[in-house]
Amino acid sequence: MTDYPHLFRPLDLGHITLPNRVLMGSMHTGLEELGDFDRVAAYYARRAEGGVALMVTGGMAPNREGGVLPGAAGLFTDKDISNHSKVTEAVHNAGGRIAMQILHAGRYAYSPECVAPSPIKSPISPFPPAELDEDGIEKQIADIVEAARRAQSAGYDGVEVMGSEGYFLNQFLVAHTNKRTDRWGGSYENRMRLPVEVVRRVREAVGQNFIVIYRLSMIDLVPNGSTWKEVVQLGQAIENAGASILNTGIGWHEARIPTIATSVPRGAFTWVTKKLMGQVSIPVITSNRINTPEVAEQVLAEGCADMVSMARPFLADPDFVKKAKAGKPQTIAPCIACNQACLDHTFEMKIASCLVNPQAAHETELVYTKTDRPKRIAVVGAGPAGLSTSIVAAGRGHDVTLFDRAAEIGGQLNMAKMIPGKEEFHGLVDWFRTMIEETGVQLKLETEADVEALKGFDEVVIATGVVPRDPGIKITGGSTVSYVDVLTGKRNAGERVAIIGAGGIGFDVAEFLTHDGESPTENLSAWLEEWGVADPDEHRSGLDPEGPKPSPSPRTVSLFQRKAERPGKRLGKTTGWIHRASLQMKGVKMIGGVSYELIDDEGLHLTRQDGTKEVVPCDTVVMCAGQLSDRSLADALEAQAISAHVIGGADVAAELDAKRAIDQGSRLAASL
Ligand code: NAP
Ligand code: SF4
């Protein structure tokens, strides 16, 4: 008897029965563009082995003008078909099923060749699109249909027609981007003609025994988006046109409301999908911020959907379904929704991976083999670098002892989890704790490992982390504290706070100090109100006409940096704007280009970029001026000629984050 009866109920699609209710949603990894299809096949096959019912590939372009970028992958040639056949064969051999997503980017294409219903440039691309004429529209339909036909020849079990997130088909649906007056614009019947026609002709081309998923934007979250009545009308028309399944899209890429970031509550938009249940008779899939079997089960049990889609959780752990089925959900590596190694990589034109699981999309290159020469390995420091080294090395069969002077594992992760909106870090620390037990790492907490204690090990790994940098500002009075003391609760901040340093931690501290009581991430209605999300039945597109209503900050906070650039510019590509918007809503002043002069009882004395001098009155100054490596133990070992591997912040402190620490630790452990 499974703990997740709804999750493990088969789903009959007529010509095929899916074994459970879990879809791996589309996630662009960049692997197809590399052209190494053995690697693409290994990536998907690994996830098929983990028992997911159906997977959807990253978006494949139907033609050049529809690609997200020049050179975007698609099934254009016979060679492409044979390459993709390797993928489908590997997936089928592993017992899985896979559908190919057809993604036409329309005006979101980062290319001068982009096309759209109307020549309106998107705010997220520099290229104004060309307006399509009747023949141009017919060509786009024909190319999408041909892509579906080729997907079928390559052995895919189906296709997903991407109709959400503000891409091409979505652009036809709403007046925001469709100003046409011909049969493809104007009335809603006309605006929805293209997506419906696409699905109708795709079905006609592929026959009945092929899955056709349509990804429908349930809540656009942009001005002049769809009404709920229109969403339902479209869903019904798409069903009549021959789709097998409706998948959910939440918000356009240009929406200024976060939809998948870690600060979005779990299952935050499943109530939207639930509104469509009973309005159509084909299965409906819900998505966004579902990352544990418990949440997935609850969403299904509450009737929010027939199936759940998870994309990033399958990067974090390909065995999500298998482990849930085996009653071991605590061993599932959690996706913390950070975007750091997946979406941020994609936007930086790098191959996607996962902060928690560096093997993701690197299956053929980062391999953890069982060792036939077990070693005694000492790891000092139970932060992300030391933890990942320990569990990978022990998982490979080594005898690992992990030391930390603290009473708890986690290192800097324990500070991250204190930030409102970063509650997912609790799950990450919990998972590391579970894996320490599962892999048999000997954990020695509250233990200072000195040189003597480390003698006799075959390998020594130093992951002692970082110490906060003292920026050396002259202090003659006032109250100055380090971020560590604030976040660990050792020191309280007053009502007026100046933060020195606007890196990731300066932003985190500002977030921490501008919240009071329950985090909105833990309270869905508070979060929806904070960001101005409304019921799309009441307000078109799900936008509250009164806008965001953040709860007031209990403190006046200013955030400073010396660099004369916009504070927060170097935060994650896909999440930096959320951190900035969130602090702006709380009235935080973010100021760059300053030089610090003095801290005294009056406050923080500084000089602005234009040379004006200023005293920022404050009760507390919080130092978030970066970190330095803690190399004391590494140096002591070196002095005695004991060789050690130095990793994580102890190796390089600058811009250290958990992604780099875990990647370095895992790679070292794979090589020992
Ligand atoms: P950081 O990102 O390197 O930022 C350090 C800040 O201190 C900068 O704003 C820097 O700006 C300032 N600073 C550096 N030297 C200074 C000095 N001598 N005097 C005064 N100010 C100085 O470091 P962090 O904020 O401690 O974060 C550590 C790592 O964790 C980073 O890699 C960060 O990305 C990561 N992290 C990420 C997130 C996230 O949301 N993704 C959250 C938390 C932490 P100026 O030099 O311009 O003054
Ligand atoms: Fe999830 Fe972060 Fe991994 Fe992306 S990088 S899959 S968001 S944990």
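For ligands, and for the atoms within them, numbers begin at 1 and follow the listed sequence. In this chain, numbering begins with 1 at the start of the sequence shown.
Within the protein, the N, O or S atoms sitting under 2.8 Å from atom 3 (Fe) of ligand 2 are C354 SG.
A donor-acceptor contact under 3.5 angstrom links the side chains of S632 and D630, judged on distance only. Counting only N and O atoms by type, the side chains of T331 and E438 include no donor and acceptor under 3.5 Å apart. Donor-acceptor pairing under 3.5 Å is recorded for the side chains of N247 and E160. N339 and T574 form a side-chain donor-acceptor contact under 3.5 Å, judged by distance and modelled atom types alone. Side-chain contact check for R266 and N291: at least one donor-acceptor pair (N or O, by modelled atom type) lies under 3.5 Å. Checked by atom type, the side-chain pair E165/Y108 shows no donor-acceptor distance below 3.5 Å.
When hydrogens are left out, the protein atom nearest atom 19 (N) of ligand 1 is P471 CB, 3.2 Å; that is the closest non-hydrogen contact. For atom 31 (C) of ligand 1, the closest non-hydrogen atom of the protein is L656 O, 3.3 Å. Nearest protein heavy-atom contact of atom 46 (O) of ligand 1 is R562 NH2, 2.9 Å. Considering only non-hydrogen protein atoms, atom 9 (O) of ligand 1 sits nearest to A502 N, 2.8 Å. Atom 2 (O) of ligand 1 has G503 CA, 3.5 Å as its closest protein atom, hydrogens excluded (heavy atom only). What sits closest to atom 10 (C) of ligand 1 on the protein, heavy atoms only, is K563 NZ, 3.8 Å. Counting only heavy atoms of the protein, atom 36 (N) of ligand 1 lies nearest to G504 CA, 3.9 Å.
For atom 12 (C) of ligand 1, the nearest non-hydrogen atom from the set G501, A416, G592, A261 belongs to G501. The option from Q412, R570, K422 that lies nearest to atom 40 (O) of ligand 1, judged by heavy atoms, is K422.
With a heavy-atom cut-off of 4.0 Å, I505 touches ligand 1 through backbone and side chain alike.
Residues passing the side chain to side chain contact (heavy atoms under 4.5 Å, CB included) test with D516, sequence neighbours excluded: P554. Scored by the side chain to side chain donor-acceptor pair (under 3.5 Å) test, T607 finds E597, K613 as partners (sequence neighbours excluded). With sequence neighbours excluded, no residue forms a side chain to side chain donor-acceptor pair (under 3.5 Å) with R256.
Annotation for ligand 1: atoms under 4.0 Å from non-hydrogen atoms of G626 are 5 (C), 7 (O), 23 (O), 26 (O). Ligand-side atoms of ligand 1 in range of H579: 40 (O), range being under 4.0 angstrom from any heavy atom. Atom numbering of ligand 1 starts at 1 in the shown order; those under 4.0 Å from a heavy atom of R469 are 14 (C), 15 (N), 18 (N).
Classification of E565 and R570 as a salt-bridged pair holds, one side-chain N sitting under 4.0 Å from a carboxylate O.
The number of heavy atoms from other shown groups lying within 6.0 Å of CG (N492) does not exceed 12.
Of the polar atoms of Q627, at least one N or O is found under 3.5 Å from an N or O of ligand 1, judged by distance alone. In terms of polar-atom proximity, Q561 is not counted as a contact of ligand 1, lacking any N or O under 3.5 Å from an N or O of the ligand.
The closest approach between a heavy atom of Y596 and any atom of ligand 1 is below 4.0 Å. Residue contacts with ligand 1 leave out L571, since none of its heavy atoms falls under 4.0 Å from the ligand. Judged by the shortest distance from any of its heavy atoms, C624 lies inside the 4.0 Å radius around the atoms of ligand 1. The closest approach between E565 and ligand 1 stays at or above 4.0 Å for every heavy atom of the residue.
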Task: Candidate pair Y596 and H605, rule ring pair (Phe, Tyr, Trp, His ring centres under 6.0 Å), full reasoning - done: CA-CA 6 Å; Y596 309 109; H605 297 242; over 10 Å; no
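For Y43 and H362, the ring centers sit 6.0 Å or farther from each other.
If you run salt bridge (Lys or Arg N to Asp or Glu O under 4.0 Å) between E363 and each of R47, R46, R39, only R47 comes through.
Taking 4.5 Å as the limit, every side-chain heavy atom of Y4 sits out of range of all side-chain heavy atoms of K325.
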